[in-house]
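The block underneath contains the structure these notes are about, expressed in structure tokens.
Keep in mind it's a predicted model, so treat the numbers as computed, not measured. For the single chain, residues carry numbers from 1 onward in sequence order.
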Amino acid sequence: MWHSDPATNPTGFGAWTKYILTYLYKTGRFEIANYACGYASNSQEHLRFPWKTYASIPIERQDIVQRANQDQGFGRMLAYGEPLLDEAIKDFKPDVFITSNDFWGGPSFAVDKAFWDKINCVAFWTSDSLPLLDDAVEKAVKIKNHYVTARFAENEFHRIADELEKELPKVTDDNQKKQLQNRVDSWRRVKTIPGIVNEKSFYRLSEQERLDLRKKHGIDSNTFLIGTGSRNQLRKMLGQQIEAFAIFKKNFPGVKTKLVHWTGLEE
């Protein structure tokens, strides 16, 4: 069972679902289910999927829909799938459960469910900023298979593990030392899996193609490019990126460089 956006959602998570589940389906080796965030049970989109889809929003359950309309917090968690996750697990009975979202959109509540670690469970989330989320740091002790999308987040988990481990010799209470060691071990378990891409669409161009592309956009071949892509949203903190670029230019004045930001891939 893959807990994330449905493959038809025009989101990064939707794309991940499409790539991962399509690959698994084509192997012919697995029974697959998508517990689909933000997906309503009256949507006909599920007819397009060759795998089983569980809607996180059950339109036929008027008690749940009514509560979601009255309670904004409950409605938000309903979209992420928290209220009905246990029911989906009980029905599908997966051997492997993977929750892939922002930490609060999946792993945060999944690790507290009764089924967690009674089957093979994986948390795979987008760690896109520092400091690390307090919730992710605290709940890491519950996660045996813990993956993040950014190497810097893995390094930060390992760093705080190193810092706590230095304090262990000072602890005299055996129970407390055991608890602290469990935290250290949990942070060291964190590993990186980069964001999923479709290799048919994203691949390294030849050197000549890259030079031609630079020439087309008036960029010299010896210019060091720093690129970032996202939708043009305030929460993407583009101002901070520009400030960071200014610091880079100040620290490396001899480097010919440009900051490239794109908000879409259309021509």
Side-chain angles (χ1 to χ4, degrees), residues 1-21 31-94 96-129 133-136 138-140 142-143 145-149 195-196 231 233-236:
M1 176 172 281
W2 173 266
H3 172 212
S4 193
D5 290 6
T8 47
N9 266 26
T11 62
F13 293 121
W16 290 11
T17 296
K18 179 169 64 175
Y19 301 151
I20 288 291
L21 298 194
E31 291 182 57
I32 304 168
N34 174 206
Y35 183 48
C37 301
Y39 192 73
S41 57
N42 63 345
S43 173
Q44 295 302 304
E45 289 290 336
H46 73 279
L47 299 175
R48 301 174 59 183
F49 306 143
W51 47 78
K52 189 175 181 65
T53 300
Y54 288 88
S56 66
I57 305 174
I59 298 300
E60 67 280 0
R61 302 271 292 272
Q62 288 301 312
D63 56 329
I64 291 179
V65 173
Q66 185 176 3
R67 182 179 173 187
N69 290 333
Q70 295 172 348
D71 183 340
Q72 187 176 9
F74 179 82
R76 180 171 179 269
M77 296 314 297
L78 181 66
Y80 284 123
E82 191 277 332
L84 300 179
L85 177 55
D86 290 301
E87 291 186 19
I89 290 290
K90 185 177 181 180
D91 182 73
F92 190 66
K93 299 178 178 62
V96 178
F97 171 76
I98 304 173
T99 177
S100 179
N101 210 308
D102 295 313
F103 193 80
W104 59 84
S108 180
F109 59 79
V111 301
D112 294 328
K113 298 293 186 179
F115 72 82
W116 187 264
D117 273 349
K118 289 184 173 62
I119 56 176
N120 298 292
C121 292
V122 179
F124 176 39
W125 57 281
T126 51
S127 50
D128 55 7
S129 64
L133 295 172
D134 291 340
D135 197 34
E138 292 300 316
K139 291 189 175 181
K142 298 183 178 183
I143 306 173
N145 304 292
H146 194 163
Y147 299 94
V148 293
T149 55
I196 302 159
R231 288 178 291 170
Q233 300 164 298
L234 291 176
R235 67 183 178 86
K236 298 301 182 180

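- In this structure Glu60 satisfies the side-chain contact (heavy atoms from CB on, under 4.5 Å) test together with Ser41, Pro58, sequence neighbours excluded.
- Under a 3.5 Å cut-off, the side chain of Ser56 and the backbone N or O of Ala79 do form a donor-acceptor pair.
- Judged by distance alone, the side chain of Ser100 and the main-chain N or O of Ser4 form no donor-acceptor pair under 3.5 Å.
- By the side-chain contact (heavy atoms from CB on, under 4.5 Å) test, Asp63 is found to be paired with Arg61, residues two or more places apart in sequence or in another chain being considered.
- The two residues Pro6 and Cys37 come nearest to each other via the heavy atoms CD-O, 3.3 Å.
- In terms of heavy atoms, Gly106 sits closest to Asn101 at N-CB, 4.3 Å.
- Take Tyr19 and apply the ring-ring contact (aromatic ring centres under 6.0 Å, His included) test, not counting sequence neighbours, and it matches no residue.
- Distance CG/Asn69 to CD1/Ile64: 12.0 Å, rounded to 0.5 Å.
- The backbone N or O of Leu85 sits less than 3.5 Å from a side-chain atom of Tyr35, completing a donor-acceptor pair.
- Taking 4.0 Å as the cut-off between side-chain N and carboxylate O, Glu87 and Lys90 do not count as a salt-bridged pair.
- Ring geometry for Phe13 against Trp16 counts as perpendicular: the plane angle is over 60°, on a 0 to 90° scale with 30° as the lower cut.
- Separating the NZ atom in Lys139 from the CG atom in Leu133 is a distance of 11.5 Å, to the nearest 0.5 Å.
- Partners of Asp91 by side chain to side chain donor-acceptor pair (under 3.5 Å), not counting sequence neighbours, listed by chain and number: Tyr54.
- Applying the salt bridge (charged side-chain N to carboxylate O under 4.0 Å, His left out) definition to pairs two or more places apart or across chains, none involves residues 5-19.
- Closest approach of Ile89 to Phe97, counting heavy atoms only: CD1-CD1, 3.7 Å.
- Considering all non-hydrogen atoms of both residues, Ala55 and Ala40 come closest at CB-C, 3.7 Å.
- Thr17 meets the side chain to side chain donor-acceptor pair (under 3.5 Å) test with Trp2; sequence neighbours excluded.
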Please tabulate, one pair per line, all N/O donor-acceptor pairs under 3.5 Å involving side-chain atoms of residues 114-126, not counting sequence neighbours.
| from | atom 1 | to | atom 2 | distance (Å) |
| --- | --- | --- | --- | --- |
| Trp116 | NE1 | Lys142 | O | 2.9 |
| Lys118 | NZ | Ala114 | O | 2.9 |
| Asn120 | ND2 | Asp95 | O | 3.1 |
| Trp125 | NE1 | His146 | NE2 | 2.8 |
| Thr126 | OG1 | Asp102 | OD1 | 2.5 |

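- Qualifying side-chain contact (heavy atoms from CB on, under 4.5 Å) partners for Arg76, counting only residues two or more places apart in sequence or in other chains: Tyr80, Trp104.
- Looking only at side-chain heavy atoms (C-beta outward), Ile98 and Ile20 stay at 4.5 Å or farther from each other.
- Tyr39 is linked by a ring-ring contact (aromatic ring centres under 6.0 Å, His included) to nothing, counting only residues two or more places apart in sequence or in another chain.
- In this structure Ser129 satisfies the side-chain contact (heavy atoms from CB on, under 4.5 Å) test with no other residue, sequence neighbours excluded.
- Considering only residues two or more places apart in sequence or on other chains, Thr99 meets the side chain to side chain donor-acceptor pair (under 3.5 Å) condition with His3.
- Not one N or O on the side chain of Lys52 forms a donor-acceptor pair closer than 3.5 Å with the backbone of Met1.
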